[in-house]
Amino acid sequence: MGSTILVTGGAGFIGSHTCVALAAAGYTPLILDNLGNSDARVVDRLARIIGTAPRFIEGDVRDRALLDKLFREQPIAGVIHFAGLKAVGDSVADPITYYDNNVHGSFVLAAAMQAAGVRTLIFSSSATVYGDPDSSPIPESAALRPANPYGHSKRMVEQALADLQHAHPAWRIALLRYFNPVGAHESGLIGEHPQGKPNNLMPFVCQVAVGLRDKLAVHGGDYPTPDGTGVRDYVHVMDLAEGHVAALRHAAQQPGLVTLNLGTGQGASVLEVVKAFERASGKTIAYEIGPRRPGDVPAYWGDPSLAQATLGWRAQRGLEQMCADSWRWQQGNPRGYES
Ligand code: NAD
Ligand code: UD1
């Protein structure tokens, strides 16, 4: 068995896929998740993909005593910290809950790691820290202008971890800013299953394709983009997962802090996603162009060249594969892990 990596939020969408990539690279994932936005049945699905069930601890990252116990029980080589809340609208409605989970949770974890002498941390940040950027592709050096409590929480943790690394240079930290993660593992056994009506584009398109929703509301057709609809940098979740493994390997080589965009470097419009999904699924996606969604940015995509230069990582999977894999998961699991 390879080095154990503690994966907080490892039962969630990106965390579960990262457990697959970790196992493929010879690491042993140890999942800590409070199941606030996930389902313990993901562990059985992971066992089917990996060959053995990863160890799963149901618990909260804010529980210092639990963390101390985990770090005492076995040698842990590093931590990938996904645990957090991510719905922008909820963060506006209930900011303290967001700061408590995302900021306080990260502080409790970092303090427990410091006490245990575990100094390797990969942190899930987001392109949302850029807010409405001046131009695309966005480099890591762009101004940070988060526009809501969720985005502020990510920026605050980034700053705190940079200060920690400055104070204690033995730390090895990667702040990974994800663009728009979509897709699913190619087995169709794990994927994203949002509770209630999806906010995000790809899960909504999937639910239209499988007949759970009548049609997609396209939020705005009058943006200054080639077809008038919003443009984003969609990145396959398995590419992201592999980016975390590359970040761990990099951290093992040298102490320090890196801040990296994980995206493809290419934008796709809402209608391009709809068309790609129709090709991948053979289904027609009914849609209606409606008003803009408040707070939406017209278009942005990332510059992933620093991640490539630093980690030797580059997204391999294109929009067609993102759609095909999302569709395989959705079709096989229309009600998520209950299916
Ligand atoms: P997710 O909700 O599927 O996964 C997060 C997991 O963390 C869930 O399983 C949840 O139950 C768990 N969790 C939440 N709070 C916890 C706590 N206090 N203690 C223990 N477990 C807790 O979300 P995801 O899409 O996999 O996102 C993972 C991380 O990546 C999050 O930090 C998110 O902010 C960040 N991120 C996500 C996106 C995206 O679009 N999915 C984009 C950028 C950044
Ligand atoms: C949203 C979050 C962002 C988060 C990202 C993760 C907001 C303001 N931002 O970004 O913080 O990091 O998800 O994936 O919530 N769209 C439709 N119809 C829909 C849903 C979406 O037309 O039913 C359009 C949107 O207007 C946008 C694009 O699809 O142009 C992508 O939307 P979405 O998947 O919600 O992601 P973001 O808005 O980029």
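Whatever order the structure lists ligands and atoms in, that order sets their numbers, starting from 1. Values below: every heavy atom of this structure, side chains too, minus hydrogens, waters and symmetry copies. Small disclaimer: the values here were computed from a predicted structure and weren't measured.
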Write out the residue and atom name of the closest protein heavy atom to atom 27 (O) of ligand 1, then the distance separating them to 0.1 Å.
I14 CD1, 3.8 Å
Using a 4.0 Å heavy-atom threshold (strictly under), name the region of L35 that reaches ligand 1: side chain, backbone, both or neither.
backbone
Which of the ligand 2 atoms, numbered from 1, are nearer than 4.0 Å to a heavy atom of L216:
18 (N), 19 (C), 23 (O)
Between G12 and ligand 1, does any nitrogen or oxygen pair lie at a separation below 3.5 Å?
yes
Would G10 count as a contact of ligand 1 if the rule is a heavy atom under 4.0 Å away?
no
If hydrogens are left out, which of R293, Q207, K215, R292 has an atom nearest to atom 38 (O) of ligand 2, that is, the closest non-hydrogen atom?
R293
Out of G36, G84, G9, whose heavy atom sits nearest atom 14 (C) of ligand 1?
G84
Could you list the donor-acceptor pairs under 3.5 angstrom formed by side chains in residues 69-79, with sequence neighbours left out?
residue, atom, partner, partner atom, Å
K69, NZ, E73, OE2, 3.0
E73, OE1, R55, NH2, 3.1
Q74, OE1, R55, NH1, 2.6
Q74, NE2, L70, O, 2.6

Would you check whether F13 has a nitrogen or oxygen atom less than 3.5 angstrom from a nitrogen or oxygen atom of ligand 1?
yes
Which protein non-hydrogen atom lies closest to atom 8 (C) of ligand 1, naming both residue and atom, and how far is it?
D33 OD2, 3.5 Å
Are V108 and V7 joined in one hydrophobic group, where the rule is that I, L, V, M, F, W and Y side chains link up if heavy atoms are under 4.5 Å apart?
no
Which residue and non-hydrogen atom of the protein lie closest to atom 24 (P) of ligand 1, and at what distance in Å?
K86 NZ, 3.7 Å
Is it the side chain, the backbone, both or neither of N101 that has a heavy atom closer than 4.0 Å to ligand 1?
side chain
Is a side-chain donor or acceptor of R177 paired with a backbone partner of E140 at a separation under 3.5 angstrom?
yes
Please determine whether any non-hydrogen atom of K154 lies less than 4.0 Å from an atom of ligand 1.
yes
Aromatic centroids of F204 and H219 separated by under 6.0 Å
no
Distance, nearest 0.5 Å, that separates OG of S106 from CG of L161
6.5 Å
Out of T8, N200, N34, whose heavy atom sits nearest atom 20 (C) of ligand 1?
N34
Among the heavy atoms of Y287, does any lie under 4.0 Å from an atom of ligand 2?
no
Which ligand 2 atoms does V218 reach within 4.0 Å, using its non-hydrogen atoms?
22 (O)
Sub-3.5 Å N/O-N/O distance, L201 and ligand 2:
yes
Heavy-atom check, side chain of V245 versus side chain of W313, under 4.5 Å:
no
Here the gap from L240 atom CG to R317 atom CZ, rounded to the nearest 0.5 Å, amounts to 10.0 Å
Taking everything shown except R41 itself, do over 12 heavy atoms lie less than 6.0 Å from its CZ?
yes
Looking only at distances, please establish whether an N/O atom of ligand 2 is found under 3.5 Å from an N/O atom of V270.
no
Do side-chain atoms of Y98 reach the backbone of A87 as a donor and acceptor pair under 3.5 angstrom?
yes
Looking only at protein heavy atoms, identify the closest one to atom 17 (C) of ligand 2 and say how far it is in Å.
H219 CD2, 3.3 Å
Under 3.5 Å, is there a donor-acceptor pair between the side chain of D39 and the main chain of V42?
no
Does any N or O of ligand 1 fall below 3.5 Å from an N or O anywhere on A83, backbone included?
no
Who's the nearest protein heavy-atom neighbour of atom 31 (C) of ligand 1, and how far?
F82 O, 3.2 Å
Check whether any heavy atom of S125 sits under 4.0 Å from an atom of ligand 1.
yes
Mind checking whether F82 and Y178 have parallel, tilted or perpendicular rings, split at 30° and 60°?
tilted
Of the side chain and backbone of E192, name the one, both, or neither that has a heavy atom under 4.0 Å from an atom of ligand 1.
neither
Among non-hydrogen protein atoms, atom 33 (P) of ligand 2 lies closest to N200 ND2, 3.4 Å
Roughly how far, to the nearest 0.5 Å, is the CG atom of L175 from the CD atom of Q159?
10.0 Å
Looking at Y300, which atoms of ligand 2 are within less than 4.0 Å of one of its heavy atoms?
39 (O)
Side chain to side chain contact (heavy atoms under 4.5 Å, CB included) partner of L6, chosen from I80, L32, I57, V118
L32
Students should be able to answer this: which protein heavy-atom is nearest to atom 1 (P) of ligand 1, and at what distance?
N37 ND2, 3.8 Å
Purely on distance, is any nitrogen or oxygen of V61 under 3.5 Å from one on ligand 1?
yes
Angle between ring planes, H185 versus H17, binned at 30° and 60°: parallel, tilted or perpendicular?
tilted
Give a yes or no answer on whether the side chain of R145 reaches the backbone of G131 with a donor-acceptor pair at less than 3.5 Å.
no
E272 CD: over 12 foreign heavy atoms closer than 6.0 Å:
yes
Report the distance from atom OG1 of T18 to atom CZ of F13, rounding to the nearest 0.5 Å.
9.5 Å
The test is side chain to side chain contact (heavy atoms under 4.5 Å, CB included); show your working for L271 and Y287 and say whether it passes.
CA-CA 9 Å; L271 293 183; Y287 68 85; 3.6 Å; yes
Near D60, which atoms of ligand 1 are under 4.0 Å from a heavy atom of that residue?
17 (C), 18 (N), 19 (N), 20 (C)
For S38 and ligand 1, does the shortest N/O to N/O distance drop below 3.5 Å?
yes
With distance as the sole criterion, is a donor-acceptor pair present between the side chains of H250 and T310 under 3.5 Å?
no
What atoms in ligand 2 come closer than 4.0 Å to a heavy atom of S126?
12 (O)
Interfacing atoms of ligand 1 (cut-off 4.0 Å, heavy-atom, S126):
43 (C), 44 (C)
Nearest non-hydrogen protein atom, atom 34 (O) of ligand 1:
Y150 OH, 2.7 Å
Any atom of ligand 1 sitting under 4.0 Å from a heavy atom of P181?
yes
Excluding sequence neighbours, so at least two apart, what forms side chain to side chain contact (heavy atoms under 4.5 Å, CB included) with D233?
F179, T264, W301
Ligand-side contact atoms (ligand 1) for residue partner S124, heavy atom cut-off under 4.0 Å:
29 (C), 30 (O), 32 (O), 35 (C)
Heavy atom of protein closer than 4.0 angstrom to atom 4 (C) of ligand 2
no
Using a 4.0 Å heavy-atom cut-off, say whether P198 meets ligand 2 through its side chain, its backbone, both or neither.
neither
